[in-house]
Amino acid sequence: MTRARRERTLPRAFYARDSRDLAPDLLNKLLVADRPDLPRVAVRLVEVEAYAGAEDPGSHAYRGETPRNRVMFGPPGYLYVYFTYGMHWCANVVCGETGWASAVLLRAGAPVDGIDVIRARRHVARRDRDLASGPARLTQSLAITGAQNGTDLVRGPVRVLDDGVPPPRRPGLSTRVGLKPGQGDPHRWRWFVRDDPNVSPGRPAGGK
């Protein structure tokens, strides 16, 4: 796809704030994988969730630093990738201050560049709206795995870019997906682009 808009890499200062402030501002930004050995692929972020470290029972960092979550305790503007359910990778943007360990889960995107590549990677998807409509589908679309854990989003081959499309003025808001009772399930820390067909299925009760 021809890129008519100028794309700007977001500076590290953009990520140096609370995950609940950052998350809605990530909507409509481009998540781009542009590695030298693979074709460029980009999706527009349409769904995100905030996780708030030590104050959030739903966060991987709630009980402190471990080898698995160490990237979350580092400086902002890095990619935290983890394996879940024994089969899927999920990607998060590390934010806040060093040592704070907060992050934003990237839940869904709308394909923008490299759609034929994405279709090949996601050959089980019956519709284009299903290509990146969920955190595991999104990582598959961009070929993000544990090898990209700790990638610098400011200088690395996976970046978040601003191409001039602003976040929605009134994003959708709901509780987060898949949390058990007592794991921060009442918090309305999930934001999404209203009526976008690429938002993941199974929206939780209480969305508005």
Side-chain angles (χ1 to χ4, degrees), residues 15 17-29 31 43 45-74 76 78-97 99-110 129-142 144-146 148-149 160 167-168 170-208:
Y15 304 102
R17 49 182 163 147
D18 190 290
S19 58
R20 292 154 290 192
D21 294 329
L22 173 65
D25 283 350
L26 285 170
L27 293 177
N28 284 335
K29 297 296 189 291
L31 178 64
V43 301
L45 295 171
V46 297
E47 182 185 358
V48 295
E49 289 179 344
Y51 287 84
E55 65 177 276
D56 179 7
S59 171
H60 288 177
Y62 182 61
R63 300 187 185 279
E65 184 175 340
T66 68
R68 180 196 194 199
N69 66 21
R70 186 161 294 144
V71 172
M72 294 179 71
F73 288 82
Y78 284 78
L79 197 66
Y80 167 51
V81 183
Y82 66 87
F83 201 51
T84 185
Y85 298 118
M87 63 179 71
H88 298 309
W89 297 103
C90 295
N92 305 255
V93 171
V94 176
C95 56
E97 301 175 2
W100 189 12
S102 63
V104 177
L105 172 65
L106 307 179
R107 282 199 55 86
R129 63 186 292 176
D130 299 324
L131 291 172
S133 60
R137 294 173 178 181
L138 185 148
T139 55
Q140 291 170 12
S141 294
L142 278 77
I144 291 174
T145 68
Q148 282 68 55
N149 185 43
V160 181
R170 294 185 63 250
L173 177 65
S174 81
T175 55
R176 296 173 292 183
V177 175
L179 296 182
K180 297 178 182 178
Q183 291 188 345
D185 50 302
H187 299 314
R188 299 173 67 80
W189 295 348
R190 172 178 173 264
W191 290 265
F192 54 93
V193 177
R194 295 174 185 270
D195 300 321
D196 191 290
N198 300 278
V199 171
S200 65
R203 298 181 184 181
K208 67 176 185 179

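Contact detail for Asp130 and Ser133: the closest heavy-atom pair is CA-OG, 3.4 Å. For the residue pair Ser174 and Arg190, the shortest heavy atom distance occurs at OG-NH1, 2.8 Å. The two atoms that bring Ala50 and Ala23 nearest to each other are CB-CB, 4.2 Å, heavy atoms only. Nearest heavy atom pair, residue Asn149 against residue Val81, reads OD1-N, 3.0 Å. When every heavy atom of Pro171 is checked against every heavy atom of Arg194, the shortest pair comes out as O-NH2, 3.5 Å.
Within 6.0 Å of OH on Tyr82 lie more than 12 heavy atoms contributed by other residues, nucleotides or ligands.
In this structure the side chain of Cys95 reaches within 4.5 angstrom of the side chain of Ser102, judged on heavy atoms. Between Arg17 and Glu97 there is no side-chain heavy-atom pair separated by less than 4.5 Å. Between Asn28 and Pro168 the shortest side-chain heavy-atom distance falls below 4.5 Å. Side-chain contact between Ile144 and Leu79 is present, with at least one heavy-atom pair separated by less than 4.5 Å. Here the side chains of Leu142 and Val43 are in contact, with some heavy-atom distance below 4.5 Å. The side-chain heavy atoms of Leu27 and Trp191, taken from C-beta on, include a pair separated by under 4.5 Å. A 4.5 Å side-chain heavy-atom check between Leu138 and Leu31 finds at least one atom pair inside the cut-off. Using a 4.5 Å heavy-atom cutoff, the side chains of Leu22 and Val93 are in contact.
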Distance-only check: which donor-acceptor pairs under 3.5 Å involve side-chain atoms of residues 103-110, not counting sequence neighbours?
| unit_1 | atom_1 | unit_2 | atom_2 | d |
| --- | --- | --- | --- | --- |
| Arg107 | NE | Glu47 | OE2 | 2.8 |
| Arg107 | NH2 | Ser200 | OG | 3.2 |

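Interatomic distance, CG of Asp185 versus NZ of Lys180, reported as 12.0 Å (0.5 Å rounding). With values rounded to the nearest 0.5 angstrom, Thr175 atom OG1 is found 11.0 Å from His187 atom NE2. Rounding to the nearest 0.5 Å places CH2 of Trp189 at 12.0 Å from CG of Leu173. Interatomic distance, Ser59 OG to Gln183 CD, rounded to the nearest 0.5 Å: 11.0 Å. Expressed to the nearest 0.5 Å, how far CZ of Arg137 lies from SG of Cys90 amounts to 12.5 Å. Interatomic distance, CG of Asp21 versus CG of Leu26, reported as 11.5 Å (0.5 Å rounding).
Checked against salt bridge (charged side-chain N to carboxylate O under 4.0 Å, His left out), Glu55 has the following partners two or more places apart in sequence or in another chain: Arg20. Remark: Val94 pairs with Val71, Tyr80 by the side-chain contact (heavy atoms from CB on, under 4.5 Å) rule, at least two apart or across chains. Remark: Tyr51 engages Glu49 in a side chain to side chain donor-acceptor pair (under 3.5 Å) (not counting sequence neighbours). Arg129 is linked by a salt bridge (charged side-chain N to carboxylate O under 4.0 Å, His left out) to nothing, counting only residues two or more places apart in sequence or in another chain. Applying the salt bridge (charged side-chain N to carboxylate O under 4.0 Å, His left out) criterion to Arg68, with sequence neighbours excluded, gives no partner residue.
For the pair Arg70 (side chain) and Glu65 (backbone), a donor-acceptor distance under 3.5 Å is absent. In this structure a side-chain-to-backbone donor-acceptor pair under 3.5 Å is present from Asn69 to His60.
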Item to check | CA sep, side-chain torsions, deciding dist, call: Trp100, Asp18, side chain to side chain contact (heavy atoms under 4.5 Å, CB included) | outcome: CA-CA 9 Å; Trp100 189 12; Asp18 190 290; 3.3 Å; yes

Next on the checklist: Run Arg176 and Arg188 through side chain to side chain contact (heavy atoms under 4.5 Å, CB included) and show every step you take.
Outcome noted: CA-CA 7 Å; Arg176 296 173 292 183; Arg188 299 173 67 80; over 6 Å; no

